[in-house]
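In this text, all values refer to a predicted model and were calculated from it rather than measured experimentally.
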Amino acid sequence: MDKTTQERAKMPGTVPNRNQILTIGDLVEFKEDMVQELKRIIKECTTGQPGKKWLKSAEVKKLLGISHGFLQSLRDSGVLPFTKIGGSIYYDYEDITFMMSTNKSA
């Protein structure tokens, strides 16, 4: 072995050992995660509804086709409730649909 290979062998996580071998259980878990994600994407495409309950600002702007400033004014006026966690703002999809239905004109 050359010096680089010997150094890598001393570093944990770089040389596979029996605890790092990919198992059938790992593959099954990966498959289940992929199937769930595909179902969410298909639901989103077919129904037009996002596959998750909470949406970030960028997703809401895309969904409604509105600018950042207009979304800010919806928040400021209290028309669209939101939750702020750290630096991220989240919107409940049900609140968005409620806002749209209550402001619907005949």
Side-chain angles (χ1 to χ4, degrees):
M1 263 192 288
D2 64 2
K3 187 174 181 176
T4 307
T5 307
Q6 290 173 349
E7 288 175 9
R8 283 188 193 147
K10 292 178 185 176
M11 295 172 35
T14 57
V15 177
N17 61 40
R18 59 189 264 167
N19 295 329
Q20 295 172 320
I21 295 175
L22 187 63
T23 65
I24 293 175
D26 294 334
L27 293 174
V28 169
E29 184 179 333
F30 177 73
K31 180 186 88 169
E32 290 169 356
D33 291 345
M34 291 299 295
V35 168
Q36 287 298 102
E37 184 66 15
L38 285 172
K39 285 180 182 179
R40 186 190 65 78
I41 291 169
I42 291 169
K43 177 184 175 189
E44 202 169 298
C45 291
T46 57
T47 64
Q49 297 178 354
K52 53 189 176 181
K53 178 176 173 60
W54 294 98
L55 305 174
K56 286 189 168 187
S57 294
E59 296 167 315
V60 175
K61 290 188 294 187
K62 184 177 178 183
L63 178 69
L64 300 177
I66 59 175
S67 69
H68 178 75
F70 189 66
L71 183 58
Q72 177 74 47
S73 68
L74 290 174
R75 282 197 311 264
D76 293 344
S77 63
V79 173
L80 184 57
F82 64 95
T83 300
K84 187 170 185 176
I85 301 173
S88 298
I89 299 174
Y90 297 92
Y91 304 86
D92 189 335
Y93 182 75
E94 291 177 11
D95 289 338
I96 296 167
T97 55
F98 180 75
M99 176 195 70
M100 296 298 288
S101 63
T102 56
N103 293 309
K104 187 179 355 180
S105 58

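Residues Val79 and Val60 fall within the same hydrophobic cluster, defined by Ile, Leu, Val, Met, Phe, Trp and Tyr side chains chained together at heavy-atom separations under 4.5 Å. Connection of Ile89 to Leu80 is established within a shared hydrophobic cluster, with ILVMFWY side chains joined at heavy-atom distances below 4.5 Å, either directly or through further cluster members. Linking ILVMFWY residues whenever their side-chain heavy atoms come closer than 4.5 Å, directly or via other members, places Ile85 and Trp54 in the same cluster. Tyr93 and Tyr90 sit in two unconnected hydrophobic clusters of ILVMFWY residues. Membership requires side-chain heavy atoms under 4.5 Å apart, directly or through other members.
The salt bridge (Lys or Arg N to Asp or Glu O under 4.0 Å) contacts involving residues 55-70 comprise Lys52-Glu59, where partners must be two or more places apart or lie in separate chains. Applying the salt bridge (Lys or Arg N to Asp or Glu O under 4.0 Å) test to every pair with at least one member in residues 23-35, sequence neighbours left out, gives no pairs at all.
Taking the side chain to side chain donor-acceptor pair (under 3.5 Å) definition, one finds that Asp92 meets it with Lys53, sequence neighbours left out. Judged as a side-chain contact (heavy atoms from CB on, under 4.5 Å), and not counting sequence neighbours, the contacts of Glu37 are Arg40, Ile41. Qualifying side-chain contact (heavy atoms from CB on, under 4.5 Å) partners for Leu38, counting only residues two or more places apart in sequence or in other chains: none.
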Side-chain polar contacts of residues 63-74 - donor-acceptor pairs under 3.5 angstrom, sequence neighbours left out - could you list them?
residue: Ser67; atom: OG; partner: Phe70; partner atom: N; Å: 3.2
residue: Gln72; atom: OE1; partner: Arg75; partner atom: NH2; Å: 2.3
residue: Gln72; atom: NE2; partner: Asp76; partner atom: OD1; Å: 2.8
residue: Gln72; atom: NE2; partner: Asp76; partner atom: OD2; Å: 3.3
residue: Ser73; atom: OG; partner: Phe70; partner atom: O; Å: 2.7

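For Pro81 against Tyr91, the heavy-atom pair with the smallest separation is O-CD2, 3.6 Å.
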